[in-house]
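Throughout, a chain's letter reflects where its sequence line sits, starting with A, and its residues are numbered from 1.
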Amino acid sequence: MDFMSGVTRVGAEWFPPAASCLSRPYKMAPACTNSFSCNGRVSEGGVTMTRFFGTPAGVKAGQFFIDRRELHEAFVHRPTQAGISGTKLEGSDSIVISGGYVGDEDNGDYIIYSGHGGKDPNSTRQIADQSRDAPGNAGLITSHAEALPVRVVRGKHKGSPFAPPAGYVYSGLYLVTQWWMEMRPDGFQIIRFRLERIDEQVPLEPQSLNLPDPEFATTIVSRRIRDSQLAREVKKLYDYECQVCEQAIPTSNNAFYAEGAHVRPLGRPHLGHDALSNILCLCPNHHSQFDLGGLVLTDQMEAIETRTMTPFASLSFRKNHVVAASNAGYHRALWLGARGMSSDLRLLQPTA
DNA sequence: AAATCGGACTGT
DNA sequence: ACAGTCCGATTT
């Protein structure tokens with residue numbers, strides 16, 4: 001007996017993620033073509049992927065799934081019961097919103113989501129505090145720190161105008177933008193996460209006329225969406241210390257914040273590469289100064305303030321990392337040329 | 001082995 | 001509809 005008889009399914013076939021992708025410190029995932037890097041482990045047999053970031057190939061935002069097993073098989077959400085997939089080390093790659101915790105909010109473009117834990121397995125009532133060390137919760141904290149994309153799935157439940165009338169809908173990618181511990185009225189501590197939508201291609205079903213204005217959220221994430229796996233590796237290599245000022249910005253959870261800055265910009269018309277030789281680890285201020293042309297680099301990786309054309313710092317580099325002079329030269333020509341000044345490299349050599 | 005925002009089945 | 005019970009698959 002087919003338990004799915006009578007149910008219309010959309011795109012029920014699942015496709016294994018295809019092509020090559022970057023891996024984290026564990027084994028390479030078989031395949032992935034999404035715009036983000038993907039991670040995963042391969043079992044001894046070499047087939048089972050357990051962690052995968054981004055949207056799997058062949059899956060679209062808005063796609064319907066009849067139950068948790070289908071989500072599992074499509075690599076959209078691997079756990080068959082738990083709401084959060086992930087670990088502290090790897091980060092969390094997906095969540096399911098099913099209204100299982102009071103106080104959650106679903107505003108479409110942003111979500112307030114409770115962590116897991118502290119529930120009586122028999123009564124589904126909260127009987128204990130939640131912990132930031134539970135695997136899924138710690139994973140979402142890691143995803144926040146690393147700006148990893150989180151797949152969001154909505155299940156049928158009351159309280160969300162975006163929830164499907166039955167089954168589950170894959171709702172695309174979100175970023176964790178905040179987390180905090182919260183004391184509930186019943187005296188139990190829970191952990192809460194704010195997630196903001198980062199792929200806008202597929203509109204959510206408009207269920208009310210006054211949708212929240214997503215402009216601010218999209219502005220925040222527009223730079224982070226480009227945070228490639230390589231950029232994350234560079235940040236880790238430098239312990240999140242800016243290569244210009246050597247400052248690391250402390251955040252919560254004993255973590256730090258930095259940004260991966262592409263020297264020759266990606267995309268048209270610049271066509272820079274997402275490669276280690278084209279990425280710097282910078283604090284937000286120097287990243288902005290660099291991207292806005294207030295700072296250029298000599299071939300010797302001296303930082304020049306373009307307002308006064310004076311060197312003010314020598315970039316620090318760590319082992320096995322070099323930025324190609326050609327990329328620095330491209331960036332230099334981009335900004336000095338645009339100001340009608342000579343981009344002749346000789347003018348930027350430090351005078352001995 | 002424990003934990004997990006399921007799922008199908010029973011009752012009101 | 002809804003709530004409780006039992007039986008869970010998968011991952012950690």
Rounded to the Å, how far apart are A:Leu89 CG and C:dT11 P? 17 Å

Between B:dG7, C:dT12, C:dT10, which nucleotide gets closest to the side-chain atoms of A:Arg68? B:dG7

Can you tell me the distance, in whole Å, between the CZ atom of A:Phe162 and the P atom of B:dC5? 23 Å

Output yes when at least one side-chain N/O atom of A:Arg78 is less than 4.0 Å from OP1 or OP2 of C:dT10, else no. no

Select base, sugar-phosphate, or nothing to describe what A:His157 touches, counting heavy atoms under 4.0 Å on all strands. nothing

Charged N to carboxylate O under 4.0 angstrom, A:Asp67 versus A:Arg69? no

Atom NZ of A:Lys156 and atom C1' of B:dC5 are separated, to the nearest Å, by 15 Å

For A:Ser314 and A:Glu302, test the side chains for any donor-to-acceptor distance below 3.5 angstrom and give the result as yes or no. yes

Short side-chain N/O contact from A:Ser98 to OP1 or OP2 of B:dG6, under 4.0 Å: yes

Cut-off 3.5 Å, side chains only: do A:Arg78 and A:Ser85 have a donor facing an acceptor? no

Using Watson-Crick and G-U wobble pairs with both distances under 3.5 Å, what is the 5'-to-3' dot-bracket string of DNA chain C, with [ ] for crossing pairs and | for pairs outside the strand? |||||||.||||

Figure out the CZ/C1' separation between A:Arg125 and C:dA3, and round it to whole Å. 11 Å

Taking atom P of C:dT11 as reference, at what distance in whole Å does atom CG of A:Asp93 sit? 11 Å

Between C:dC6 (P) and A:Asp120 (CG): distance, integer Å: 13 Å

Nearest to the side chain of A:Thr80, which nucleotide is it out of C:dT11, B:dG6, C:dT10? C:dT10

Just N and O in the side chain of A:Tyr168: are any of them under 4.0 Å from OP1 or OP2 of B:dC5? no

Classify the side-chain pair A:Trp180/A:Gln178 by whether it contains a donor and acceptor separated by less than 3.5 Å. no

Between A:Arg318 and A:Glu241, is there a salt bridge with N-O shorter than 4.0 Å? yes

Of the candidate nucleotides C:dT10, B:dT4, C:dT12, which contains the atom at the shortest distance from the side chain of A:His116? B:dT4

Would you check if there is a donor-acceptor pair between the side chains of A:Glu196 and A:Thr177 at a distance under 3.5 Å? yes

Measure from the side chain of A:Val96, starting at C-beta and using heavy atoms only, and say which of C:dT12, C:dA9, B:dG6 lies closest. B:dG6

Between the side chains of A:Asp291 and A:His287, does any donor sit under 3.5 Å from an acceptor? yes

If I take atom CZ in residue A:Phe193 and atom P in nucleotide B:dC5, what distance separates them, rounded to the nearest angstrom? 12 Å

Of the nucleotides B:dG6, C:dT12, B:dG7, which has the atom closest to the A:Asp67 side chain? B:dG7

Which nucleotide in C:dC2, C:dT12, B:dC5 has an atom nearest any side-chain atom of A:Lys158: C:dC2

Remember a base hit wins even if backbone is also touched, and classify A:Pro135 as base, sugar-phosphate or nothing at under 4.0 Å, heavy atoms. sugar-phosphate

Is it true that the side chains of A:Tyr170 and A:His77 contain a donor and an acceptor less than 3.5 Å apart? no

Spacing between A:Leu71 atom CG and C:dT11 atom C1', to the nearest angstrom: 16 Å

If only side-chain N and O atoms of A:Arg69 are considered, is one of them under 4.0 Å from the OP1 or OP2 phosphate oxygen of C:dT10? yes

Give one of base, sugar-phosphate or nothing for A:Gly117, where a contact means two heavy atoms less than 4.0 Å apart. sugar-phosphate

For A:Gly83, report the nucleic acid contact type (base, sugar-phosphate, nothing); a contact means any heavy atom under 4.0 Å. sugar-phosphate

